[in-house]
Amino acid sequence: MKAPGTVTTGGQIKVRGRIPTSRAGARRRTIVTYRSAGARRWRSGDTGWTNRRGEFTLSITAPAQAGLLSVRVASPRLGRLEAVRRTLAVSVIAPTTTPTPTPAATPTATPTATPTATPTVTPTVTPTVTPTSSPTDTPTVAPTPSDEPTVEPTPTGPLGDPDDWTYIGSGDSMRWDACQTITWSYDATAQPYPGAEADMTKAFAMIAEKTGHSFSRVPLGDAAFTVDWSNPDEDVRLAGSVVGIGGPTTRRIDPALNNGTQRAIVGGMVVLDASHASVPGGFGHSGWGQVMLHEIGHATGLGHASGREQVMAPVATIYNTVFGAGDLTGLAEVGTSKGCLQMDPYGRAADRDTTVTWME
């Protein structure tokens with residue numbers, strides 16, 4: 001299921017997707033509701049029916065007040081088909097007439113007061129392959145000073161501090177269920193180079209090797225983890241030198257029953273900026289492979305690292321093209337070593353809804 005990441009106040013939010021249907025192609029009723037951040041009640045949005053392939057398109061009007069909007073898509077149980085419910089997050093912004101200049105990025109951690117959706121900046125790369133700075137603290141390909149080596153260094157082992165890693169968002173411990181196969185989908189419609197799909201597949205395999213998680217690619221509309229290409233005109237979070245964003249959707253769980261884990265990751269997303277057409281593909285250098293690893297890292301629960309040797313550092317350079325010591329520690333912590341999760345909600349009623357967190 002997909003919805004625009006950003007929309008202006010009063011604009012139309014189109015929600016598209018596909019839900020399972022019977023072999024006979026029975027159409028299913030689909031309902032969209034929404035609520036603003038901090039609100040308790042869901043407001044009626046739109047209702048409709050899928051086609052015989054289970055595809056649907058519904059729309060709602062964004063509220064007049066800017067802020068984060070939760071959009072819920074639901075379809076009642078139909079025979080043996082289970083009920084479907086998915087919550088998406090949309091940033092509602094006030095219309096602007098002129099773009100806001102992007103401040104230079106500094107390799108500092110992005111503070112997140114609460115586990116609410118907080119778009120931040122992601123690794124960015126410039127059209128000349130020379131890293132450029134990002135609006136906030138996301139990995140961006142940084143310019144190489146004239147007195148620095150032009151040949152990429154070949155590390156002899158994981159570099160940096162093994163403790164140089166963080167959880168994304170407020171710092172709550174989180175991970176995917178070790179006993180769950182994580183399904184992912186890839187929309188190649190706007191990919192900027194022919195090898196992008198293969199690079200993304202390799203990036204998932206590299207993350208799987210370090211975390212122990214099992215990833216399985218599935219058709220569009222059926223995945224818990226979505227990967228898309230966009231551009232700043234469609235998603236303002238990609239403005240300036242930002243080349244991608246990524247993050248998880250989480251639910252609060254009981255840490256006493258889950259080896260200390262406070263949140264279960266139940267969904268993930270990566271959006272990459274196809275307008276950076278000159279960024280090179282592949283791995284082992286500053287390019288799309290490096291960015292993909294960083295963004296998938298966010299969606300598996302990792303925040304930013306402080307050392308330039310880490311893939312999860314907020315700036316992508318020739319010094320963090322491979323996993324650093326802190327990356328490996330973090331990936332192990334959000335991996336399968338702590339076992340399966342018990343998914344019953346825990347805490348106050350307000351904590352039981354899913355929370356989406358994004359970082360650049």
Side-chain angles (χ1 to χ4, degrees), residues 1-17 31-46 58-74 85-96 100 110-122 135-138 167-172 174 225-226 228 230 232-240 242 244-252 263-271 295 298-299 301 303-304 345 347-360:
M1 299 180 190
K2 296 174 58 177
T6 305
V7 67
T8 56
T9 54
Q12 288 297 302
I13 303 174
K14 289 190 177 295
V15 183
R16 298 182 176 90
I31 305 166
V32 173
T33 56
Y34 65 95
R35 70 180 182 186
S36 301
R40 293 190 175 184
R41 291 189 176 183
W42 292 88
R43 296 180 178 273
S44 299
D46 192 10
L58 299 173
S59 64
I60 60 175
T61 301
Q65 184 176 1
L68 184 65
L69 193 70
S70 295
V71 179
R72 174 175 289 174
V73 181
R85 188 172 71 174
R86 177 80 179 274
T87 302
L88 308 171
V90 177
S91 295
V92 180
I93 62 172
T96 57
T100 302
T110 301
T112 304
T114 61
T116 57
T118 308
T120 59
V121 184
T122 298
T136 61
D137 56 352
T138 298
Y167 287 109
I168 193 172
S170 66
D172 284 349
M174 63 181 71
F225 190 138
T226 60
D228 299 284
S230 188
D233 292 332
E234 296 179 354
D235 192 331
V236 297
R237 296 170 299 176
L238 299 174
V242 179
I245 57 175
T249 300
T250 63
R251 286 178 56 191
R252 185 169 293 281
R263 285 191 170 273
I265 301 178
V266 295
M269 56 77 70
V270 167
V271 180
E295 300 308 337
H298 281 325
H304 284 153
R348 296 178 296 113
D351 290 329
R352 298 184 182 182
D353 292 328
T354 56
T355 298
V356 180
T357 305
W358 296 324
M359 294 188 81
E360 302 148 357

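Computation of the quantities below employed the complete heavy-atom set of this structure, encompassing side-chain atoms and omitting hydrogens, waters and symmetry-equivalent molecules.
Rounding to the nearest 0.5 angstrom, the gap separating the CZ atom in Arg43 from the OG atom in Ser70 is 13.5 Å. Atom OH of residue Tyr34 and atom CZ of residue Arg72 lie 14.5 Å apart, to the nearest 0.5 angstrom. In this structure, the separation between CE on Met174 and CZ on Arg252 is 9.5 Å, given to the nearest 0.5 Å. Interatomic distance, CG of Leu68 versus CD1 of Ile93, reported as 12.5 Å (0.5 Å rounding). In this structure, CD1 on Ile265 lies 10.5 Å from CZ on Arg263, to the nearest 0.5 angstrom.
Ile168 and Gly247 get closest at one heavy-atom pair: CD1-CA, 4.2 Å. Thr61 and Gly10 get closest at one heavy-atom pair: CG2-O, 3.6 Å. Considering all non-hydrogen atoms of both residues, Ala299 and Gly268 come closest at CB-CA, 4.3 Å. Residue Val7 comes nearest to Gln12 through the heavy atom pair CG2-O, 3.7 Å, listed as atom of the first residue, atom of the second, then distance. Scanning all heavy atoms of the two residues, the minimum distance from Pro95 to Thr8 falls at CA-CG2, 4.1 Å. Nearest approach of Pro63 to Leu69, heavy atoms of both residues: CD-CD2, 3.9 Å.
Under the 4.5 Å side-chain criterion, counting only non-hydrogen atoms from C-beta, Gln65 is not in contact with Ser36. Looking only at side-chain heavy atoms (C-beta outward), Leu58 and Lys14 stay at 4.5 Å or farther from each other. For the pair Leu238/Val271, a side-chain contact is recorded, criterion being any heavy-atom separation below 4.5 Å from C-beta on. Between Lys2 and Asp228 there is a side-chain heavy-atom pair separated by less than 4.5 Å. Looking only at side-chain heavy atoms (C-beta outward), Asp46 and Val15 stay at 4.5 Å or farther from each other. The side-chain heavy atoms of Val242 and Arg237, taken from C-beta on, include no pair separated by under 4.5 Å. Using a 4.5 Å heavy-atom cutoff, the side chains of Asp235 and Ile245 are in contact.
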